[in-house]
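Report on the structure given below.
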Number of protein chains: 2
Amino acid sequence: MNQTESCCRMSVDTLLIESAKDMLASKEEGLKEKAKIFALLGNEVRLKMMTVFVNVDSVCVCDLSDILKMNQSPISQHLRKLKDAGLLESKREGMTIFYSIPSDQKEILLSLIKG
Amino acid sequence: MNQTESCCRMSVDTLLIESAKDMLASKEEGLKEKAKIFALLGNEVRLKMMTVFVNVDSVCVCDLSDILKMNQSPISQHLRKLKDAGLLESKREGMTIFYSIPSDQKEILLSLIKG
DNA sequence: TTACTATATTAGTATATACTAATATAGTAT
DNA sequence: ATACTATATTAGTATATACTAATATAGTAA
């Protein structure tokens, strides 16, 4: 069966269905982007990371590793994903690399994480 | 290597690290719960579903199937997950089963999805 | 009863995810 | 140069996820 199947209610709610389709279509891009962010925050380790960044501003990799009680490798891998998505940025100071939330993302993340 | 590894900054920021650990520990339960919700909304199909429910109140399975242009089986499977998490509830009317957002979840979901 | 409809569930599979372990990179210090 | 430190990346693996296809359930209607 494919998506052309429809129940008896089809004829009744055609308008509702069409408007829902239109709404989703108009939000397609935004929803894709949001889903990506949600998926990133849907991992407990990453959510903890971002919770730390929301509260502490700038943290280096090894401190995160300590705070989260995890090896450095998975920490770096998670940071990479968050950075690739634009939810984090990094700044080198000598050998140490500090991650933080870019200013343009702070409001969004605060509302998602604090709220 | 295990989590006892630490960088040269350890001694400098012990307080910051400890307070971050404490904060995470105090939020442990809430973060776990939030991560679950984010993970659910992190799937594009489910995010679309919840976006529909936020806007349309009550929708049946086959209408959703139509709106999302997907077979009924994966739709039911996603609905099951959302219902298991308490993000949706269902009500039977004859053969048709309507899903909707429980009133105690509306505010949270609206803030996550609309915002 | 039988046939039909809407939804749910299950089994199987393909892909994605998150880790471990090992190695690479790049800065610092001698 | 060599040795060391902080971080990044890669390969491999185990588990989770999201689908398809098939079947089960439960209400409706004849």
Side-chain angles (χ1 to χ4, degrees), chain A residues 1-13 17 32 35-36 38-49 58-85 88-100, chain B residues 1-13 17 32 35-36 38-49 58-85 88-100:
Chain A
M1 286 190 201
N2 60 25
Q3 62 271 21
T4 60
E5 67 179 317
S6 54
C7 66
C8 56
R9 298 184 59 263
M10 182 77 187
S11 55
V12 182
D13 283 18
I17 290 175
K32 220 167 228 161
K36 251 185 226 164
F38 284 138
L40 285 167
L41 300 181
N43 174 280
E44 208 179 320
V45 172
R46 285 191 298 262
L47 182 58
K48 283 181 181 173
M49 282 181 167
S58 185
V59 185
C60 74
V61 179
C62 73
D63 281 352
L64 262 183
S65 178
D66 186 352
I67 292 167
L68 298 176
K69 309 186 212 309
M70 285 180 65
N71 294 337
Q72 172 262 321
S73 175
I75 296 286
S76 278
Q77 293 177 55
H78 284 303
L79 287 170
R80 177 84 145 88
K81 291 187 182 185
L82 292 165
K83 189 182 174 187
D84 283 350
L88 287 180
E89 63 188 7
S90 64
K91 195 177 61 169
R92 177 182 283 275
E93 275 182 32
M95 272 189 306
T96 308
I97 295 181
F98 290 90
Y99 283 83
S100 57
Chain B
M1 285 191 198
N2 59 27
Q3 61 271 21
T4 61
E5 66 180 318
S6 54
C7 67
C8 57
R9 298 184 59 262
M10 182 78 187
S11 55
V12 181
D13 283 18
I17 291 175
K32 219 167 229 162
K36 250 185 227 167
F38 284 139
L40 284 168
L41 299 181
N43 174 280
E44 208 180 321
V45 173
R46 284 191 297 261
L47 182 58
K48 283 180 179 172
M49 282 181 169
S58 186
V59 186
C60 75
V61 179
C62 72
D63 282 352
L64 263 181
S65 178
D66 186 351
I67 292 167
L68 298 176
K69 309 186 212 311
M70 287 180 64
N71 294 337
Q72 171 261 320
S73 175
I75 296 286
S76 279
Q77 293 177 56
H78 284 303
L79 288 170
R80 176 82 144 90
K81 291 187 182 183
L82 292 166
K83 189 181 173 187
D84 283 350
L88 287 179
E89 63 188 5
S90 64
K91 193 177 62 170
R92 177 182 283 276
E93 274 182 31
M95 274 189 306
T96 308
I97 295 181
F98 290 90
Y99 282 82
S100 57

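Protein chains get the first letters and strands the later ones, always in sequence-line order, with residue 1 at the start of each.
Across all strands shown, C:dA22 forms a Watson-Crick or G-U wobble pair, both distances under 3.5 Å, with D:dT9. In this structure D:dT17 sits in a base pair with C:dA14, meeting the Watson-Crick or G-U test at under 3.5 Å. Figure legend. D:dT28 is base-paired to C:dA3; pairs are counted as Watson-Crick or G-U wobble with both atom distances under 3.5 Å.
OP1 or OP2 of D:dA6 has not a single side-chain nitrogen or oxygen of A:Y99 nearer than 4.0 Å. In terms of phosphate contacts, A:N43 brings no side-chain nitrogen or oxygen within less than 4.0 Å of OP1 or OP2 of C:dT17. Remark: A:R46 is not in phosphate contact with C:dT17, judged by side-chain N or O atoms under 4.0 Å from OP1 or OP2.
Shown are A:V59, A:V61, A:D63; of these, the side-chain contact (heavy atoms from CB on, under 4.5 Å) with A:Y99 is made only by A:V61.
The nearest whole Å value for the distance from the CE atom in B:M49 to the P atom in D:dA18 is 11 Å. Rounded to whole Å, the distance from CG on A:L64 to C1' on D:dA6 is 13 Å. At whole-Å resolution of the value, CD1 in A:I75 and P in D:dT7 are 11 Å apart. Regarding B:F98, its CZ atom lies at a distance of 8 Å from the P atom of C:dT7, rounded to whole Å. Rounded to a whole Å, the CG atom of A:D66 is 12 Å from the P atom of D:dA6. Put simply, CG on A:L68 is 14 Å from C1' on C:dC19, counting in whole angstrom units. Between B:I97 atom CD1 and D:dT25 atom C1' there is a gap of 10 Å when expressed in whole angstrom units. Spacing between atom CE of A:M70 and atom C1' of C:dT20 amounts to 11 Å, rounded to whole angstrom units.
Minimum atom distance to the side chain of A:N71 is reached by C:dT20, of the listed C:dT20, C:dT17, D:dT20. Counting only heavy atoms from C-beta on, A:H78 has its side chain closest to C:dA18 among D:dT7, C:dT7, C:dA18. Nearest nucleotide to the A:K81 side chain, out of C:dT7, D:dA18, C:dA18: C:dA18.
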Show me the protein contacts with nucleotides 9-14 of chain C, counting only N or O atoms at under 3.5 Å.
residue, atom, partner, partner atom, Å
C:dT9, OP2, B:R80, NE, 2.9
C:dT9, O4, B:S73, OG, 2.9
C:dT10, O4, B:Q77, NE2, 3.3

Got a list of protein N/O to nucleotides 26-30 of chain C N/O distances below 3.5 Å?
none

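The heavy-atom pair separating A:L82 from A:L40 by the smallest distance is CD2-CB, 4.2 Å. When all heavy atoms of B:R46 and B:A39 are compared, the closest pair comes out as NH2-O, 3.5 Å. What you find for A:I75 and A:M49 is that their closest heavy atoms are O-CE, 3.6 Å. In plain terms, the two heavy atoms of B:F98 and B:S58 that are nearest each other are CB-OG, 3.4 Å.
For the pair B:N43 (side chain) and B:V45 (backbone), a donor-acceptor distance under 3.5 Å is present. A donor-acceptor contact shorter than 3.5 Å links the side chain of A:S65 to the backbone of A:M70.
Summary of the strand contacts: A:G42 and B:K83 both lie near DNA chain C, and taking for each the nucleotide with the nearest heavy atom, the more 5' one is attributed to B:K83.
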